[in-house]
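Only heavy atoms go into these numbers, but all of them, side chains included; no hydrogens, no water, no symmetry mates. What you see is a predicted model, and the numbers here were worked out from it, not measured in a lab.
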Amino acid sequence: QVQLVESGGGLVQPGGSLRLSCAASGFSFSDYVMGWFRRAPGKERDVVATISRSGRNTYYSDSVKGRFTISRDNAKNTVYLELNNLNPEDTAVFYCAARAARYPSDYETRGWEYGSWGQGTQVTVSS
């Protein structure tokens, strides 16, 4: 069955960095669009970044553009999210998600289009 397991979250000071990983299994990873989403306390889930099946096409929300980097290693069935220059507003549970790509450059940004989700990893930014 499809399984997505996030790791790498934790407590970090403002300005710090983290690297999140999402290990995938149970499906043909290289045929899937992968996305990172987050849910901050008291807020709805938002898209953070998405990446096409080859990795050539990416999307970033305005709030993370220039600070976060999404990447994937299809040989390792893993998608990553590098978080830099973190601030307290980045505090959230981060989730990775997968959906079958409809075309090579597909980098779907709408959360409801993703059918598979991980359990989430907590990122807390605080001094």
Side-chain angles (χ1 to χ4, degrees):
Q1 69 279 18
V2 173
Q3 192 169 16
L4 300 171
V5 180
E6 302 98 334
S7 60
L11 173 64
V12 62
Q13 291 188 341
S17 298
L18 285 173
R19 190 193 197 203
L20 306 184
S21 299
C22 173
S25 60
F27 62 100
S28 182
F29 183 76
S30 61
D31 290 333
Y32 277 64
V33 179
M34 299 300 296
W36 285 97
F37 297 78
R38 66 183 177 185
R39 188 189 302 274
K43 295 187 178 180
E44 294 186 355
R45 185 186 63 200
D46 280 336
V47 62
V48 175
T50 65
I51 188 166
S52 63
R53 63 188 196 190
S54 70
R56 287 199 201 96
N57 303 92
T58 57
Y59 165 86
Y60 296 94
S61 68
D62 287 344
S63 62
V64 308
K65 204 172 292 183
R67 300 188 299 123
F68 293 5
T69 303
I70 189 171
S71 62
R72 64 190 296 162
D73 185 337
N74 286 347
K76 295 183 178 179
N77 288 358
T78 302
V79 61
Y80 304 97
L81 187 68
E82 190 83 29
L83 291 67
N84 295 311
N85 194 19
L86 285 160
N87 59 63
E89 290 69 41
D90 294 314
T91 295
V93 178
F94 282 70
Y95 301 90
C96 77
R99 68 150 289 148
R102 292 161 295 185
Y103 44 88
S105 60
D106 188 3
Y107 59 93
E108 178 61 60
T109 63
R110 296 169 296 185
W112 65 85
E113 291 286 349
Y114 286 75
S116 300
W117 293 83
Q119 82 289 349
T121 186
Q122 176 71 47
V123 172
T124 302
V125 185
S126 175
S127 55

With side chains defined as the heavy atoms from C-beta onward, is the minimum distance between [X] and [Y] less than 4.5 Å?
X     : Y      : result
Tyr80 : Asp73  : yes
Phe37 : Tyr114 : yes
Pro14 : Val125 : yes
Met34 : Ile70  : no

(request) Using atom types as modelled and distance alone, determine if a side-chain donor or acceptor of Arg72 lies under 3.5 Å from a backbone N or O of Gly55. (result)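 Checked: no pair found.
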
(request) Could you tell me whether a side-chain N or O of Asp31 sits under 3.5 Å from a main-chain N or O of Ala100, the two making a donor and an acceptor? (result)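 No, Asp31 side chain to Ala100 backbone: no donor-acceptor pair under 3.5 Å.
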
(request) Spell out, yes or no, whether Trp36 and Val12 are grouped together once hydrophobic residues are joined by side-chain heavy atoms under 4.5 Å, including indirect joins. (result)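 They do share one cluster, since a chain of ILVMFWY contacts under 4.5 Å joins Trp36 to Val12.
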
(request) Treating Ile, Leu, Val, Met, Phe, Trp and Tyr as nodes and any side-chain heavy-atom pair under 4.5 angstrom as an edge, say whether Phe94 and Trp117 lie in one connected cluster. (result)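 Result: no, two separate clusters.
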
(message) Assess the residue pair Glu113 and Val33 against the criterion (side-chain contact (heavy atoms from CB on, under 4.5 Å)); give the C-alpha distance rounded to whole Å, side-chain angles, the decisive distance to 0.1 Å, and a yes or no.
(response) CA-CA 10 Å; Glu113 291 286 349; Val33 179; over 6 Å; no

(request) Please step through side-chain contact (heavy atoms from CB on, under 4.5 Å) for the pair Tyr107 and Thr58, ending with a clear verdict. (result) CA-CA 6 Å; Tyr107 59 93; Thr58 57; over 6 Å; no

(request) May I ask you to check whether over 12 heavy atoms, not counting those of Arg56, lie within 6.0 Å of atom CZ? (result)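 It does not: Arg56 CZ has 12 such atoms or fewer within range.
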
(message) Given Arg38, which partner from the list Thr91, Val123, Val64 fulfils the side-chain contact (heavy atoms from CB on, under 4.5 Å) test?
(response)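 Looking at Thr91, Val123, Val64, the match for Arg38 under the side-chain contact (heavy atoms from CB on, under 4.5 Å) is Val64.
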
(request) Run the numbers on Ser52 and Ser105 for side-chain contact (heavy atoms from CB on, under 4.5 Å), then give the verdict. (result) CA-CA 6 Å; Ser52 63; Ser105 60; 5.5 Å; no

(message) Is a donor from one side chain sitting under 3.5 angstrom from an acceptor on the other, for Ser126 and Thr124?
(response)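 There is no such pair between these side chains.
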
(request) Starting from the C-alpha separation in whole Å, work towards a yes-or-no answer on side-chain contact (heavy atoms from CB on, under 4.5 Å) for Ile51 and Tyr32. (result) CA-CA 9 Å; Ile51 188 166; Tyr32 277 64; over 6 Å; no

